[in-house]
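Below you'll find the structure, written out as structure tokens, and then a few comments.
Just so we're on the same page: letters track the sequence lines, and every chain starts at 1. These figures come from a predicted structure and were not determined experimentally.
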2 protein chains.
Amino acid sequence: MATGRTHRPATRSRGIPEATVARLPLYLRALTALSERSVPTVSSEELAAAAGVNSAKLRKDFSYLGSYGTRGVGYDVEYLVYQISRELGLTQDWPVAIVGIGNLGAALANYGGFASRGFRVAALIDADPAMAGTPVAGIPVQHTDDLDRIISDNGVSIGVITTPPGAAQQVCDRLVAAGVTSILNFAPTVLSVPDGVDVRKVDLSIELQILAFHEQRKAGEEASADGGASDAEAEQAPPVRATPTTRKGPDGDMPAVMPA
Amino acid sequence: MATGRTHRPATRSRGIPEATVARLPLYLRALTALSERSVPTVSSEELAAAAGVNSAKLRKDFSYLGSYGTRGVGYDVEYLVYQISRELGLTQDWPVAIVGIGNLGAALANYGGFASRGFRVAALIDADPAMAGTPVAGIPVQHTDDLDRIISDNGVSIGVITTPPGAAQQVCDRLVAAGVTSILNFAPTVLSVPDGVDVRKVDLSIELQILAFHEQRKAGEEASADGGASDAEAEQAPPVRATPTTRKGPDGDMPAVMPA
DNA sequence: CTTTGTGAATCTTTTCACAGCC
DNA sequence: GGCTGTGAAAAGATTCACAAAG
């Protein structure tokens, strides 16, 4: 949902579809669970169920990585864990810096599942001088002034932004200038970055709004069932358009023209 | 990325594509910013830039809602804010319950942008009896035993799960039994829910893994440029497959057969 | 002249269904 | 017999490009 950037116009490198990449972590999680239970092999059907997808999709996804299964048997769990980990680049260590140590930043720093898979919180950075030195999750917070040096010294290439929205773009620019090429943005802002930098966003508010959309549908569905254009639903006086021309909202439109 | 469930086989109701729905909150945010700056109208080009998409996509998206623009002029900001809000169901109040008040749950409870758009934290629920009564973000934490009653009393239809992964499915089941039909899941677990319930997930670890994938590509690209199968990269001894048959990983495969 | 709204073309993703292999 | 791997078909999303409207 986020990036789509290709930092080189979709060169015919080893092309794994983006949708597939986004599911590999899911498979990996399911496989890790099986591995811990010492399950030796798993079928596409079983694994798909554990990952919450259908088996055809899973098989197609795996086919982009190579032929790692055995017909009539399934997939070797350990082998597949290794292959997917390698494909995702998790056989190496990724130092990560979190910028903006408020409630959310601190929560992420404390989050266990973070370190579990190759990711290591290498630095915490905040603009508040009062926080400098205070340890959060055992890691001392450092001041933004030193951002550049902190990034270089730790070889950070992945940055996590948990600042207030107003500071996000500036922080982003500084991270990029310091050499960060992947950013996970929790601030509700659209970040603009140069080509070659990937941004993914996580936005609570957006997720809730998407849920609200569907929720509303469900509520409306109970009442409908006849195809008629139902009566109004305008609880508050909606704003009137500047030029009240021919609008054609498919249904539930503004209730006729209203005086301002 | 998350739901895909249709709780009725994609009935020809007012069909707005899922991809469009996922972008509406983005447009709304950009529009709200314009509204606050009292900008009266905006072109698809400008708005698209502010939302971080291209203008053709934006126009197509809006076309599903109806014809709300004026040719040669653009879109009326206030009018569009209202229309999108209504479409997303944000003209009504959505009481939300957060279950699992650890670091993350508390951070979300404190998160400002939460309340801003129709969402209201109606209840905080945790399994730890010691937390009961303690206020977090001004809201007293209640015990899981009362989950059922809390959900009904507050008319909650959207639940947020921030429990440890082991508890997530159970909490989910209880929420659904109590009447919740939309769930935002922060726990790294695949939730199974009955038809008619929507689940969206937010997973930090997955996002980082996707970034790592692309990051790895970038690093590899510098070195390559010749099409040759490069030499190994196996830092650790990888697991050997049970039946070491003909695998054909497209490149960077396991370094020949190894004795266990 | 400017900018929307939208068919048509293109690209991506998912699903189907079955040949091929164990 | 069971299960993977994959072409081919279908569905969905994005982009193009331009007629229609102001």
Side-chain angles (χ1 to χ4, degrees), chain A residues 1-6 9-10 12 15-24 27 41-49 51-77 79-80 83 241-250, chain B residues 1-6 9-10 12 15-24 26-27 40-49 51-77 79-80 83 241-250:
Chain A
M1 181 187 287
T3 324
R5 179 161 293 95
T6 21
R12 183 103 296 290
I16 299 180
E18 191 57 32
T20 295
V21 172
R23 278 187 297 265
L24 292 181
Y27 302 142
T41 60
V42 67
S43 72
S44 64
E45 203 70 56
E46 295 164 323
L47 184 53
V53 303
N54 74 48
S55 64
K57 190 157 22 186
L58 177 141
R59 287 201 303 279
K60 185 61 109 182
D61 283 343
F62 284 0
S63 80
Y64 294 115
L65 310 185
S67 314
Y68 293 147
T70 310
R71 292 168 199 237
V73 178
Y75 301 92
D76 181 282
V77 171
Y79 185 71
L80 202 44
Q83 290 298 348
R241 184 142 72 155
T243 5
T245 20
T246 47
R247 57 205 146 50
K248 63 158 194 201
Chain B
M1 180 189 283
T3 325
R5 179 159 295 96
T6 21
R12 183 104 298 290
I16 300 181
E18 192 56 33
T20 295
V21 172
R23 279 187 297 265
L24 291 180
L26 231 61
Y27 301 143
T41 61
V42 66
S43 71
S44 64
E45 202 71 54
E46 294 165 323
L47 183 53
V53 303
N54 74 48
S55 63
K57 193 163 11 190
L58 177 141
R59 287 202 302 279
K60 185 62 112 182
D61 283 343
F62 285 0
S63 80
Y64 294 114
L65 309 184
S67 320
Y68 293 147
T70 309
R71 290 164 200 241
V73 179
Y75 300 92
D76 182 281
V77 171
Y79 185 71
L80 203 44
Q83 290 298 348
R241 185 142 71 154
T243 6
T245 18
T246 47
R247 60 207 142 52
K248 62 156 196 206

Please figure out whether A:A19 or A:R59 has its closest DNA chain C nucleotide nearer the 5' end.
A:A19

Side chain of A:S44 (C-beta onward), nearest among D:dT4, C:dA8, D:dA13:
D:dT4

Please classify the nucleic acid contact of A:Y75 as base, sugar-phosphate, or nothing, using heavy-atom distances under 4.0 Å.
sugar-phosphate

Holding to salt bridge (charged side-chain N to carboxylate O under 4.0 Å, His left out), I want the full list of residues that pass it with A:R59, two or more places apart in sequence or in another chain.
none

From CD of A:E18 across to P of D:dT14 the rounded distance in Å is 13 Å

Do B:V53 and B:D61 touch side chain to side chain, with heavy atoms closer than 4.5 Å?
no

When the distance from CG of B:L24 to P of D:dA13 is rounded to whole Å, what number comes out?
13 Å

Correct closest heavy-atom pair for B:L47 and B:Y27 would be CD1-O, 4.4 Å

Atom-pair distance (OH on A:Y27; C1' on D:dT4), nearest Å:
14 Å

Can you confirm if the aromatic rings of B:Y68 and B:Y79 lie within a centre distance of less than 6.0 Å?
yes

What is the distance, rounded to the nearest whole Å, between atom CZ of A:R23 and atom P of C:dT13?
9 Å

With side chains defined as the heavy atoms from C-beta onward, is the minimum distance between B:L24 and B:L65 less than 4.5 Å?
yes

Could you work out which one of D:dT6, C:dT4, C:dT14 sits closest to the side chain of B:R71?
C:dT4

Nearest-Å distance, NZ (B:K57) to P (C:dT10)?
19 Å

Residue whose nearest DNA chain C nucleotide is more 5′ - B:F62 or A:K60:
B:F62

Length of the OH-C1' vector between A:Y64 and D:dG7, whole Å:
11 Å

Please report the distance, rounded to the nearest Å, between CG in A:L58 and C1' in C:dC16.
16 Å

What is the separation between atom CG on A:L47 and atom P on D:dT4, rounded to the nearest whole Å?
9 Å

Does the side chain of B:N54 get closer than 4.0 angstrom to OP1 or OP2 of D:dT14 through an N or O atom?
no

